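All values reported here derive from a predicted model rather than from experimental measurement. Naming: A, B, ... by sequence-line order, numbering from 1 per chain.
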Protein chains: 2
Amino acid sequence: MGAHPLRYRPGMPRNRQDVDRDAKIAEIREAAVGLLRAGGYPALSHSAVAKELGLARTAVAWYFASKDDLFAAALADIYAADLGTPPADGDVMVRLRWAVERLTALQPLTHALHERARHSPAAAELEAALQNSLCTRLRALLAPHVAADRLDRVTTTVVVFVEGLLVQPRTTPDRLGLLEFLVTELIGTPGRS
Amino acid sequence: MGAHPLRYRPGMPRNRQDVDRDAKIAEIREAAVGLLRAGGYPALSHSAVAKELGLARTAVAWYFASKDDLFAAALADIYAADLGTPPADGDVMVRLRWAVERLTALQPLTHALHERARHSPAAAELEAALQNSLCTRLRALLAPHVAADRLDRVTTTVVVFVEGLLVQPRTTPDRLGLLEFLVTELIGTPGRS
DNA sequence: ACCTGAACACCGTTCAAGT
DNA sequence: ACCTGAACACCGTTCAAGT
């Protein structure tokens, strides 16, 4: 699409224009977040956002050209809000449980993200960022309890397992029980090669 | 919708009518299978099937009322064809690898199945059947190598892990390496409580 | 740069009408 | 029972036209 010049109308100060644009984008993202939280990916559409903001359908498309661009932007906001502030205290299992429960609540949206990532670059980018963030955080969490030469594989294994946990709906005790079983199996033997 | 009487036109023998109906349904399922294999869930539609068979859109809907009914029926056929005949020989890892590679090829469709299972009873039913079949088979495969009191948990853990493996696209060596790591971790210590 | 409104080619579902 | 054809209310995307 090419770069947008920072301003268009001569009389308008540069900063003000920027503020306006960012504020509008924020409005759109907020509306999209609301729709996603209420009805998941199917409930999100240019029309629905436009209706909420009193705009034409295509006005939203000016800022987010495709539905998946809009989806990725809104979902990034949701992840930031829901996963951004982990508990400061607590042991490994407490923190792990917190993350898994948060991710469970977002399961349908994460599901849609994986689905769309195969078609949309924006979705693929967010998918990679999420994966990366989860791995990094989990690695730091496990580092004190796992031998250095096993850390990478254990981390990836747990992340993959957690992703698998979210695929099918399960009861909370079920989920947490399975998680605890795996972690103690992998962590409980720090000496093994 | 109510039950369908077995025949309608008086002159038509009961068996013949059944055969016709089953043959038509088989045709529709085959066409749907082709569409799913070629373009995934988005490529499937009543229209597309009807076009291939020279019917009106709504004729297909007579047999499969909703898109998800059609989807579940066709995907069941695909699972039967692709996962129905596992290798007769080989050790645990060989058989596991075979299943994971087959499932990987079907990843996008299984993905769609999980997505739709939340809205469609037919999809939910197939999802449960698949999960059940995988668990049963894996349990039998692992039984000789795992202590009885750990068998259930180990089985579920591996199934969940495999489901997680399929969530994100990975290279084949990556996938198989992770799988081998987990299985040797869980299997290699049969004596532990 | 930003937004509108109309148009295009779909989609799934419903339903009256035929045989 | 089975199938057609028309209708309904959408969808995402494109594009000429306005300011």
Side-chain angles (χ1 to χ4, degrees), chain A residues 1-25 27-28 32 35 39-72 112 115-116 119-120 122-123, chain B residues 1-25 27-28 32 35 39-72 112 115-116 119-120 122-123:
Chain A
M1 220 147 269
H4 297 156
L6 282 180
R7 48 177 174 160
Y8 166 63
R9 278 177 235 175
M12 204 170 247
R14 168 179 174 152
N15 279 345
R16 180 74 179 108
Q17 174 110 6
D18 285 358
V19 168
D20 272 344
R21 181 180 164 84
D22 289 351
K24 282 177 213 159
I25 290 182
E27 258 188 355
I28 293 176
L35 289 164
Y41 185 80
L44 181 66
S45 73
H46 284 141
S47 316
V49 171
K51 200 170 291 174
E52 234 172 71
L53 267 51
L55 295 173
R57 244 186 2 251
T58 47
V60 178
W62 173 258
Y63 296 97
F64 299 94
S66 79
K67 169 169 176 171
D68 286 321
D69 289 336
L70 181 57
F71 171 61
E115 177 82 34
R116 298 314 301 162
H119 309 291
S120 149
Chain B
M1 221 148 272
H4 298 156
L6 283 181
R7 47 177 174 161
Y8 165 63
R9 279 178 236 178
M12 203 169 247
R14 171 178 172 152
N15 278 344
R16 180 77 178 106
Q17 174 111 5
D18 285 359
V19 168
D20 272 344
R21 182 181 163 85
D22 289 352
K24 281 177 212 158
I25 290 181
E27 259 187 355
I28 292 176
L35 289 164
Y41 184 80
L44 181 66
S45 72
H46 284 143
S47 316
V49 171
K51 200 170 292 175
E52 234 173 71
L53 267 49
L55 295 173
R57 250 194 346 260
T58 47
V60 178
W62 172 258
Y63 296 98
F64 299 95
S66 79
K67 167 168 177 172
D68 286 321
D69 289 337
L70 181 56
F71 170 63
E115 177 82 35
R116 298 315 302 161
H119 308 292
S120 149

For this session: Would you mind reading off the distance between B:D69 atom CG and C:dT13 atom P, rounded to a whole angstrom?
Result: 9 Å

Exercise. Is any side-chain N or O of A:S66 under 3.5 Å from a base N or O of D:dG12, one able to act as donor and the other as acceptor?
Worked result: no

For this session: State the pairing partner of C:dC10; accept Watson-Crick or G-U wobble contacts with both distances under 3.5 Å, and report none otherwise.
Result: none

Exercise. Rounded to whole angstroms, how far apart are OH on A:Y41 and C1' on D:dG12?
Worked result: 10 Å

Seminar exercise, completed: In short, A:R21 meets A:W62 closest at the heavy-atom pair NH1-NE1, 4.2 Å

Seminar exercise, completed: Out of C:dC2, C:dA6, D:dC2, minimum distance to the side chain of A:R21 belongs to C:dC2

Exercise. Just how far, in rounded Å, is P of C:dG12 from CZ of B:F64?
Worked result: 15 Å

Exercise. Of all the choices, D:dC3, D:dG5, D:dT13, which nucleotide is nearest to the side chain of B:W62 once you look at every atom?
Worked result: D:dC3

For this session: Given side chain to side chain contact (heavy atoms under 4.5 Å, CB included), test A:V49 with A:L55 step by step and report yes or no.
Result: CA-CA 8 Å; A:V49 171; A:L55 295 173; over 6 Å; no

For this session: Heavy atoms only: give me the nearest B:A43-B:L35 pair and the separation to one decimal.
Result: CB-O, 3.8 Å

For this session: Whole angstrom is fine here: how far is it from NE2 in A:H46 over to P in C:dA7?
Result: 21 Å

Exercise. Which atoms form the tightest heavy-atom contact between B:S45 and B:A48, and what is the distance?
Worked result: OG-N, 3.0 Å

Exercise. Can you name the nearest heavy-atom pair linking A:R57 to A:H46, along with the distance?
Worked result: O-CB, 3.9 Å

Seminar exercise, completed: Between A:A123 and A:A72, the two heavy atoms sitting closest are N-CB, 4.1 Å

Exercise. So do the side chains of B:Y41 and B:R116 get within less than 4.5 Å of each other, counting heavy atoms only?
Worked result: yes

Problem set entry | Heavy-atom pair of closest approach, residues B:L44 and B:K67 | O-NZ, 3.0 Å

Problem set entry | Nearest to side-chain heavy atoms of A:A59, which nucleotide of C:dC15, D:dC3, C:dT4 | C:dT4

For this session: Among C:dG12, D:dT13, D:dC3, find the nucleotide with the atom closest to the side chain of B:K67.
Result: C:dG12

For this session: Give, for atom OG of B:S120 and atom CD of B:E115, the distance between the pair rounded to the nearest 0.5 Å.
Result: 12.0 Å

Seminar exercise, completed: Numerically ordered, the residues 48-56 of chain B set in heavy-atom contact under 4.0 Å with DNA chain D is B:L55, B:A56

For this session: Could you please name the partner base of C:dC15, counting Watson-Crick and G-U wobble pairs only when both distances are under 3.5 Å?
Result: D:dG5

For this session: With heavy atoms under 4.0 Å as the rule, sort A:L44 into base, sugar-phosphate or nothing.
Result: sugar-phosphate

For this session: Not counting sequence neighbours, which residues clear ring pair (Phe, Tyr, Trp, His ring centres under 6.0 Å) with B:Y63? List them please.
Result: none

For this session: Measure from CG on A:D68 to P on D:dC11 and round the result to the nearest Å.
Result: 15 Å

Seminar exercise, completed: Here the distance between atom P of C:dC3 and atom CG of A:D20, to the nearest Å, is 9 Å

For this session: In whole angstrom, give the distance that lies between atom CG of A:L70 and atom C1' of D:dT13.
Result: 14 Å

Distances under 3.5 Å between protein N/O atoms and the N/O atoms of nucleotides 8-10 of chain D, please, pair by pair.
none

